[in-house]
There are 2 protein chains.
Amino acid sequence: MDWQQAWDQLGQRGYRKTQQRMIVVKEVFAGGCLQGAEEILSRCREKDGGISMPTVYRTLDMLVDAGLVRRVNLGLGRTWFEPGGPDDDHHHHLVCEQCGKREKIALCPLGIVENEAKRSGFKVRELHFEAVGLCRSCAAKERKK
Amino acid sequence: MDWQQAWDQLGQRGYRKTQQRMIVVKEVFAGGCLQGAEEILSRCREKDGGISMPTVYRTLDMLVDAGLVRRVNLGLGRTWFEPGGPDDDHHHHLVCEQCGKREKIALCPLGIVENEAKRSGFKVRELHFEAVGLCRSCAAKERKK
DNA sequence: TTGTAAATGAAAATCATTTACAAGTAGGTG
DNA sequence: CACCTACTTGTAAATGATTTTCATTTACAA
């Protein structure tokens with residue numbers, strides 16, 4: 001999905017088509033995975049002029065609500081965003097607690113979780129699934145100490 | 001493990017045995033799973049008198065470091081703690097985003113994640129794995145709207 | 001063009017968590 | 001036991017991401 005399709009979807013949901021929102025939507029869809037709000041803000045400002053942080057957050061909220069963007073939580077006190085719905089090819093990460101490097105991991109337990117959840121009538125909306133640890137090079141450095 | 005064993009372990013690690021730390025350790029081990037720092041603080045104050053928030057956090061940090069308590073992140077802007085080491089019978093949760101109810105889930109993908117991670121030399125230390133969604137009763141209410 | 005509900009930015013508020021620092025204390029030493 | 005000193009404590013302030021408030025502006029239906 002490109003930003004224009006997302007933009008149309010927002011329109012269909014009754015959101016007003018403002019200049020600022022368009023800028024944010026464009027930038028989020030231009031970026032890759034795991035974009036921070038701060039980073040999105042500065043890219044918006046660089047390329048397109050005035051945008052405020054609250055507007056970035058508000059637009060991200062509506063994109064997540066609309067199922068156009070995923071909110072990713074790595075348990076490190078910050079939130080990341082990436083284009084794509086919850087059912088798209090979402091993926092998870094190995095996060096190095098030393099250097100912050102993030103590696104994609106192919107594995108996703110969403111299916112089995114949904115099955116398990118179904119038993120108690122629980123409806124899964126978001127899956128937080130990230131492994132924190134040490135990447136190869138940081139693990140090597142650690143061993144030298 | 002009961003609180004006294006944990007207490008001994010802290011001693012063996014060279015931590016000083018202060019009144020305040022003992023109170024916190026007692027309370028954390030008296031509580032169940034997913035205790036918030038705020039909740040731990042107030043229980044400590046109720047039963048044992050003066051303790052400050054920084055001391056609670058500092059003690060929790062050392063318990064986690066010592067592998068006696070787990071830090072659980074549900075991606076909801078807060079951190080939970082529960083007695084038990086990372087390798088004990090740790091478990092994961094279904095978290096209702098509406099009413100906050102948390103159900104244990106038997107499933108744990110730690111093994112397969114470790115395998116997957118090993119391929120790139122990544123050493124897993126902590127697994128964040130929680131599903132957020134709607135519990136049966138909140139899902140029912142949602143449908144009525 | 002106009003009215004109005006929705007959206008905006010600046011500044012302030014939140015809220016969990018952490019830090020700085022002065023005052024207090026555990027626990028080894030003589 | 002008295003003393004020393006590094007480790008701990010509590011208070012108050014800092015932090016940092018995110019959210020709210022509110023006066024001003026804007027999209028868009030009529």
Side-chain angles (χ1 to χ4, degrees), chain A residues 7-8 10-28 34-45 48-66 69 71-81 95 97 100 126 128 132, chain B residues 7-8 10-28 34-45 48-66 69 71-82 95 97 100 128 132:
Chain A
W7 185 237
D8 283 349
L10 285 189
Q12 279 168 34
R13 286 194 147 230
Y15 294 116
R16 291 190 179 175
K17 300 194 160 187
T18 71
Q19 192 59 37
Q20 292 88 332
R21 276 175 192 170
M22 189 170 73
I23 295 169
V24 175
V25 172
K26 256 191 209 170
E27 281 308 321
V28 173
L34 297 181
Q35 308 173 51
E38 193 62 52
E39 173 198 341
I40 293 167
L41 175 69
S42 70
R43 287 215 318 273
C44 286
R45 286 186 162 159
D48 300 276
I51 293 272
S52 69
M53 188 51 105
T55 296
V56 169
Y57 276 110
R58 288 188 280 232
T59 306
L60 286 170
D61 277 351
M62 76 181 55
L63 284 166
V64 171
D65 269 5
V69 160
R71 177 183 276 122
V72 178
N73 187 292
L74 305 182
L76 301 172
R78 206 171 351 161
T79 305
W80 279 275
F81 299 87
V95 185
E97 63 190 357
E126 248 184 286
H128 298 283
V132 178
Chain B
W7 185 236
D8 283 348
L10 286 189
Q12 279 167 34
R13 286 195 147 230
Y15 294 116
R16 290 194 179 172
K17 300 194 159 186
T18 71
Q19 193 60 36
Q20 293 89 330
R21 277 175 190 169
M22 189 170 71
I23 296 169
V24 176
V25 173
K26 257 191 208 173
E27 281 308 321
V28 173
L34 296 180
Q35 308 172 51
E38 192 63 51
E39 173 198 342
I40 292 168
L41 175 70
S42 68
R43 287 213 321 273
C44 286
R45 287 186 163 160
D48 300 274
I51 293 273
S52 69
M53 189 50 106
T55 296
V56 170
Y57 276 110
R58 288 187 281 231
T59 306
L60 287 170
D61 277 351
M62 76 182 55
L63 285 165
V64 171
D65 269 4
V69 160
R71 178 182 277 124
V72 179
N73 188 291
L74 305 182
L76 301 171
R78 205 173 347 166
T79 306
W80 279 277
F81 299 87
E82 55 193 26
V95 185
E97 63 190 357
H128 298 283
V132 178

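Letters A, B, ... mirror the listed sequences (proteins, then strands); counts begin at 1. Below, each value reflects all heavy atoms present in this structure, side chains not excepted, and no hydrogens, waters or symmetry copies.
In this structure, CZ in A:Arg21 is found 3.5 Å from CE in A:Met62, a value given to the nearest 0.5 Å. A:Glu27 CD to A:Phe81 CZ: the interatomic distance, rounded to the nearest 0.5 Å, is 15.0 Å. In this structure, CD in B:Gln20 is found 8.0 Å from OG in B:Ser52, a value given to the nearest 0.5 Å. The line from OG1 of B:Thr79 to OH of B:Tyr57 is 6.5 Å long, rounded to the nearest 0.5 Å.
Base pairing annotation: D:dC28 forms a Watson-Crick or G-U wobble pair with C:dG3, both donor-acceptor distances under 3.5 Å.
In summary, B:Asp8 and B:Lys17 engage in a salt bridge, as defined by a charged side-chain N under 4.0 Å from a carboxylate O.
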Original post:
Going through the checks in order, is the side-chain contact (heavy atoms from CB on, under 4.5 Å) test met by B:Thr55 and B:Arg58?
Top reply: CA-CA 5 Å; B:Thr55 296; B:Arg58 288 187 281 231; 3.8 Å; yes
**OP:** Go through the steps for A:Val56 and A:Glu38 under the test side-chain contact (heavy atoms from CB on, under 4.5 Å), then give the verdict.
**Re:** CA-CA 9 Å; A:Val56 169; A:Glu38 193 62 52; over 6 Å; no
Original post:
Going through the checks in order, is the side-chain contact (heavy atoms from CB on, under 4.5 Å) test met by A:Val69 and A:Val25?
Top reply: CA-CA 10 Å; A:Val69 160; A:Val25 172; over 6 Å; no
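Near DNA chain C, defined here as any heavy-atom distance below 4.0 Å, the residues from residues 54-66 of chain A are A:Pro54, A:Thr55, A:Arg58, listed numerically. Sorted by residue number, the members of residues 13-21 of chain B with any non-hydrogen atom under 4.0 Å from DNA chain D read B:Tyr15, B:Arg16, B:Thr18, B:Gln20, B:Arg21.
For DNA chain D, the outermost nucleotides in 5' to 3' order that have an atom under 4.0 Å from a heavy atom of chain A are D:dA17 to D:dC28.
Here the closest non-hydrogen pair linking A:Val28 and A:Arg43 is N-NH2, 4.2 Å. Taking both residues in full, the closest heavy atoms of A:Leu34 and A:Glu39 are given as O-OE1, 4.2 Å, listed atom of the first, atom of the second, then distance.
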